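Written below as structure tokens is the structure these notes are about.
Remember, predicted model here, so these are calculated numbers, not experimental data.
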Amino acid sequence: MTVSSVISSVVVVGGGIAGVSTVAELRKKGYVGDLTLLSADPVPYDRPPLSKEYLAGGRDLDSIALQAPEWYVDQRISLVGGVVAVALRPDAGEVELSDGRVLTADRIVLATGGRAVRPSLGEIGSAIHVLREVGDADRLRTQLVPGARLLIVGAGLIGAEVASTARKLGAEVVLVDPLPVPLAAAVGIEVATWLHGLHADHGVGALTTTVETLLETPAGVAAQLTGEPGSREFDAVLLAVGLVPETALAEAAGLETSRGILVDAGQVTSHPSVLAVGDCARLRDHPRAEHWEAAQLDGARAAATILEAEPPPTTASWWWSDRYGLHVEGVGEMRSPDAEHQTVVRGVVGEPPFSVFTLRGERVIGAVAVDDPNAVRAARRMIDRGVDVRASDLADPGTDLRKLLRR
């Protein structure tokens, strides 16, 4: 008996990249049963542009759709948009929807994503924003007019990207973070220092501090920054301080959760008929991965598990970001130099294109690059294949990194 004859229906709850990747991989790998994708939005869309091109007004909702509407028809995927799941009954294989319908399936995949952290600084309102959904970007964009005063709380990837976009639109930006050098753990202290310094170069006031209170006023928002005698006035505030996995549906159904819906290597939860992928899921004994490709690969693994097929190969984690016209990519694990780890710079930090590698012995374990995506692609292959390399070869801009892979 084939698995396709046993599993005749799959429901995927969530229309982000993890959910769409799951249904796409199922069809790609030959699944012919009933396939339903639930999406809170009429058509699932890509989230990375929300802090960049979409926020700037350079792209519209149609252009950031993960798939065109006709794709779902062509792939025989029932896209149920504009609804959310309100209850999950794993033993019965049932998903109850916000419109009262109940769907049944042999396998249920939770791709419920996450929600933006909302610190207790003030009520989210007309002038205090988070950025997770397209509606969030639409509301924020209306206030990013030339001369508008924007406070961004959190200088991670989203905060930095919005700072860049807002400056391009002519807003006056203050960016606050308690860390003097944000992203040091992701890109290394030298690159992180340079990246953070770009804010000042582009007229952003980057402050190492915290926000004590936010109070909406008739003129905007009064923000009390730690250590300052009086409050500052802003027209808008963006809270960009992280993501919380959306686990309420799983918890109510009795699935095991802990900083995410716990899954095994095949994305299976504590109930054998339910899988979880993307930002809502966490592999047991591992930290959650929140990057775009990680969610995409989760979907591919879930599809392979459902079909009892070969899972995608394990690969080093990869991410990207854009700010001030520069493209930043990272792969693997960056470490500070010590007795076991060596940092190798290719080019000159601060003069793009350049890249920085972390070596453990003669093995690359991480890399970050600015306007040098080929270096990151090569580094990823080195990590995945366990290739031995010489630091001097990596550091030489004249060395073709692809040749190092053939050694």
Side-chain angles (χ1 to χ4, degrees), residues 7-27 31 33-47 65-67 72 75-115 132-134 243-257 260-264 266-283 288 290 292 294-307:
I7 300 175
S8 61
S9 56
V10 177
V11 169
V12 179
V13 182
I17 183 60
V20 172
S21 294
T22 300
V23 296
E25 283 294 316
L26 282 167
R27 286 296 189 234
Y31 178 68
D34 293 339
L35 189 52
T36 301
L37 177 66
L38 305 182
S39 172
D41 302 283
V43 176
Y45 57 84
D46 207 11
R47 283 189 168 83
L66 287 166
Q67 296 289 352
Y72 299 95
Q75 295 295 317
R76 295 177 293 106
I77 297 166
S78 177
L79 174 61
V80 183
V83 298
V84 295
V86 296
L88 171 66
R89 294 182 276 274
D91 290 340
E94 293 180 347
V95 179
E96 183 178 341
L97 309 185
S98 53
D99 62 7
R101 282 180 288 173
V102 176
L103 304 181
T104 60
D106 298 314
R107 292 291 183 273
I108 297 168
V109 182
L110 299 178
T112 48
R115 62 186 184 278
R132 177 64 181 171
E133 311 292 340
V134 70
L243 182 75
V244 177
E246 189 56 78
T247 60
L249 190 68
E251 290 175 9
L255 300 183
E256 192 175 352
T257 65
I261 305 170
L262 295 178
V263 298
D264 65 13
Q267 306 299 139
V268 180
T269 70
S270 55
H271 193 288
S273 294
V274 181
L275 296 82
V277 294
D279 288 340
C280 69
R282 182 170 75 86
L283 180 63
R288 268 189 325 108
E290 295 182 1
W292 189 93
Q296 185 184 49
L297 291 173
D298 279 0
R301 275 189 294 272
T305 296
I306 291 170
L307 297 177

Sub-4.5 Å side-chain heavy-atom contact between [X] and [Y]:
X	Y	answer
S9	L103	no
R288	P245	yes
S39	L79	yes
R107	L275	yes
V12	I77	no

[X] versus [Y], closest heavy-atom pair with distance:
X	Y	result
D298	G278	OD2-N, 2.9 Å
T305	G266	OG1-O, 2.8 Å
Y31	S8	OH-C, 3.1 Å
I17	A295	CG2-CB, 3.7 Å
A85	V95	CB-CG1, 3.6 Å

Would you give the length of the straight line joining atom [atom1] of [X] to atom [atom2] of [Y], rounded to the nearest 0.5 angstrom?
X	Y	atom1	atom2	answer
T22	R27	OG1	CZ	13.0 Å
I7	L307	CD1	CG	7.0 Å
L35	L26	CG	CG	5.5 Å
L66	S21	CG	OG	7.5 Å
E246	E251	CD	CD	9.0 Å
Q296	E25	CD	CD	8.0 Å

Query raised in the report: Partners of R89 by side-chain hydrogen bond (donor to acceptor under 3.5 Å, both in side chains), sequence neighbours excluded?
Result: E94, E96
**Report entry** Partners passing side-chain hydrogen bond (donor to acceptor under 3.5 Å, both in side chains) against Q75 (at least two apart in sequence or in another chain)
**Finding:** none
Report summary line: Which of V109, V20, V13, V80 passes side-chain contact (heavy atoms from CB on, under 4.5 Å) with L37? It is V20
Is there a donor-acceptor contact under 3.5 Å from the side chain of [X] to the main chain of [Y]?
X	Y	value
T257	T247	no
Y45	G16	no
S98	V84	yes

Query raised in the report: Is a salt bridge present between D279 and R132, judged by a nitrogen-to-oxygen distance below 4.0 Å?
Result: yes
**Report entry** A276: side chain to side chain contact (heavy atoms under 4.5 Å, CB included) partners, not counting sequence neighbours
**Finding:** L110, I261, V263, T269, C280, A281
